[in-house]
Amino acid sequence: MRSNTHFLPDSVNTVYQARRAPSAAGTYLAGIWNARHFWIHLALSDLRSRWRRSFFGVLWSIIQPLGMTLLLSLVFGRIFKSNITEYAPYILSGMVVWDFVLATSVGGSLAFVQGDAYIKQCRHPLAIYTLRTTLTNLIVLSLASLSLVAWVLVVMPQNFGWPWLAALLIIPIVGMIAWPLATVLAYVGVRFRDVPHALGLVFQALWFVSPIYFEPKVFRGGNLHALVDYNPIYHLLQIVRAPLLHGRWPTAENYAYCLGSIVVFSVLACLVGSRAEKRVIFYL
Amino acid sequence: MKRNRILLKDVNLYYSSVAFKERSLKSLLGSFMKRDPGKAVIHDVHALKNVNLEVLPGERVGLLGHNGAGKSTFLKMLAGLYPISGGLRIVEGTVRSLFDLSLGFEPDATGRENILYRGLLLGLSPRFMRKIEEEIVAFADIGEFIDYPIKTYSAGMQVRLAFAISTAVGGDVLLLDEVIGAGDANFMGKAKRRMLELVERSEILVLASHDFPTVQSICQRGVVFHHGEIVFDGDVKEAVSTYKKINGVSA
């Protein structure tokens with residue numbers, strides 16, 4: 001074997017590496033930004049393929065939660081003796097946000113597996129594949145929210161006012177929570193393909209102990225205040241519910257819980273990602 | 001000015017065995033419970049062993065080696081797809097790699113749409129893709145089918161389109177894995193010319209191929225891989241004869 005000629009002196013190499021290291025996070029984010037055309041395209045093409053050849057197409061994301069809400073509010077309204085016109089938008093608001101979280105988490109846990117053809121060919125930051133799932137579902141969430149807004153405008157027009165601007169924040173907030181969460185799940189999911197099944201169970205359990213379809217008064221009546229007061233899901237939903245259903249601004253506590261969730265999941269995603277990102281290709 | 005170059009120093013690459021062993025939680029838990037002595041033990045695959053290589057601007061390097069010698073792994077490692085387990089890897093310049101052309105088509109979208117999508121995958125902007133779209137359409141030369149969904153294409157047409165898109169944009173560092181030759185005889189000649197143009201525009205070329213005449217006509221430098229190690233690095237003619245000697249192929 002011919003030993004290789006002219007290597008650079010070691011000092012040059014260390015300089016090269018030292019220049020790289022501190023800006024790792026910045027480089028990563030820049031990579032996500034540079035690939036924006038690609039992941040936006042992926043998200044839009046997911047939507048196109050979801051509605052291709054269906055008669056109602058994009059309308060399904062509005063029809064489906066509406067139909068489900070009608071059904072549920074009829075049943076639950078009787079059980080919990082709630083006023084249907086006011087209970088229905090409560091369920092609807094819980095449903096559209098919860099569906100988003102569920103779809104993004106389950107879809108996100110398979111994001112790397114789904115994008116394996118791309119991952120094996122091109123070196124983009126892996127977080128763009130969970131961003132794709134998040135973006136797709138954010139668009140569905142926005143559409144589904146239209147039905148909620150319309151419903152509330154008809155049934156409770158007195159709630160309309162400035163606080164509604166705050167409700168718009170749900171989109172960036174829930175996106176910032178779901179993206180890192182989906183990213184963490186994607187890393188676990190690529191290693192253990194059981195994750196989507198396990199998530200089904202976990203989310204059902206979470207749904208059961210959270211004021212998503214059930215009203216807080218049900219939990220409080222059972223002396224389960226903690227399930228409302230310390231539940232990030234409750235606070236997240238309040239971002240929409242306070243303005244739309246009560247005509248009030250969300251409280252600082254609501255925002256604090258959301259911010260906390262964002263920070264926790266982001267830190268977790270960075271920790272997992274920095275260790276596992278390079279090895280993902282071996283698991284595909 | 002930035003200099004394009006490749007510098008590898010004591011590069012090792014392992015395929016970690018966990019990736020193809022326990023794939024589910026069940027088997028992971030199961031493996032704690034009992035140890036089956038009869039089962040074959042799967043080790044990490046040591047795919048690249050102490051690879052040292054420096055490629056300077058203007059060099060055309062041909063990779064030779066038996067199947068599984070590490071040529072493709074080496075190229076994917078250069079492209080940054082595979083992480084290295086040890087050593088130093090410096091690749092400077094825009095890397096353009098052509099590995100598996102047929103990946104990433106959307107069957108329900110038209111040929112034209114797929115041109116855009118593939119470009120976006122390569123990190124190009126929509127504006128730039130619109131600019132070079134006509135040129136790609138002309139090269140692929142599949143007539144009116146360009147406005148039909150990809151799923152209506154024959155295999156050959158897909159290859160032509162994929163080739164036309166992938167070779168439309170060059171890079172400073174070009175990595176090729178057995179892609180010369182696509183489509184029918186008519187297209188083959190065209191494809192080869194285009195490939196050579198692309199090669200000429202690039203500063204550095206690393207090409208893996210079993211087609212010795214092509215390698216010898218394009219490359220001056222040959223690198224022979226044998227079971228993950230570089231066993232020869234030098235003139236391409238000597239490289240070919242070394243390869244033949246090692247693998248017992250009659251010259």
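Computed from a predicted model, the values in this text were never measured in an experiment.
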Next on the checklist: Please classify the contact between A:I119 and chain B as side chain, backbone, both or neither, with a heavy-atom cut-off of under 4.5 Å.
Outcome noted: backbone
Checklist entry - What is the distance from atom CG of B:L121 to atom NE2 of A:H124, rounded to the nearest 0.5 Å? => result 5.0 Å
Checklist entry - Counting only heavy atoms not in B:K237, do more than 12 fall under 6.0 Å of its NZ? => result no
Checklist entry - According to the interplanar angle, ranging from 0 to 90°, do the rings of A:F282 and B:Y82 count as parallel (below 30°), tilted (30 to 60°) or perpendicular (above 60°)? => result parallel
Next on the checklist: Just checking A:R123: does its CZ atom have more than 12 heavy atoms from other residues, nucleotides or ligands closer to it than 6.0 angstrom?
Outcome noted: no
Checklist entry - In terms of heavy-atom proximity below 4.5 Å to chain A, should B:L124 be classed as side chain, backbone, both, or neither? => result backbone
Checklist entry - Between atom CG of B:L122 and atom CD of A:Q121, what is the distance when rounded to the nearest 0.5 Å? => result 8.0 Å
Next on the checklist: Could you check whether atom CH2 of A:W60 has more than 12 heavy atoms from other residues, nucleotides or ligands sitting under 6.0 Å from it?
Outcome noted: no
Checklist outcome for this item: In short, A:K120 meets B:K76 closest at the heavy-atom pair O-CE, 4.3 Å
Item to check | Segment of A:R36 engaging chain B (4.5 angstrom heavy-atom cut-off) | outcome: neither
Next on the checklist: Please identify, among B:A79, B:G80, B:G123, the residue contributing the most non-hydrogen atom pairs under 4.5 Å to chain A.
Outcome noted: B:G80
Item to check | chain A contact via B:S125 - which portion, at a heavy-atom distance below 4.5 Å | outcome: both
Next on the checklist: Is it the case that over 12 heavy atoms from other parts of the model lie below 6.0 angstrom from the CD atom of A:Q64?
Outcome noted: no
Checklist entry - Does a sphere of radius 6.0 Å around NZ in B:K49 hold more than 12 heavy atoms from other residues, nucleotides or ligands, not counting ones at 6.0 Å or beyond? => result yes
Checklist entry - Around A:F203, counting heavy atoms of other residues, nucleotides and ligands shown, do more than 12 lie under 6.0 Å from its CZ? => result yes
Checklist outcome for this item: Distance col, row B:R118:CZ vs A:H41:NE2, nearest 0.5 angstrom, shows 10.5 Å
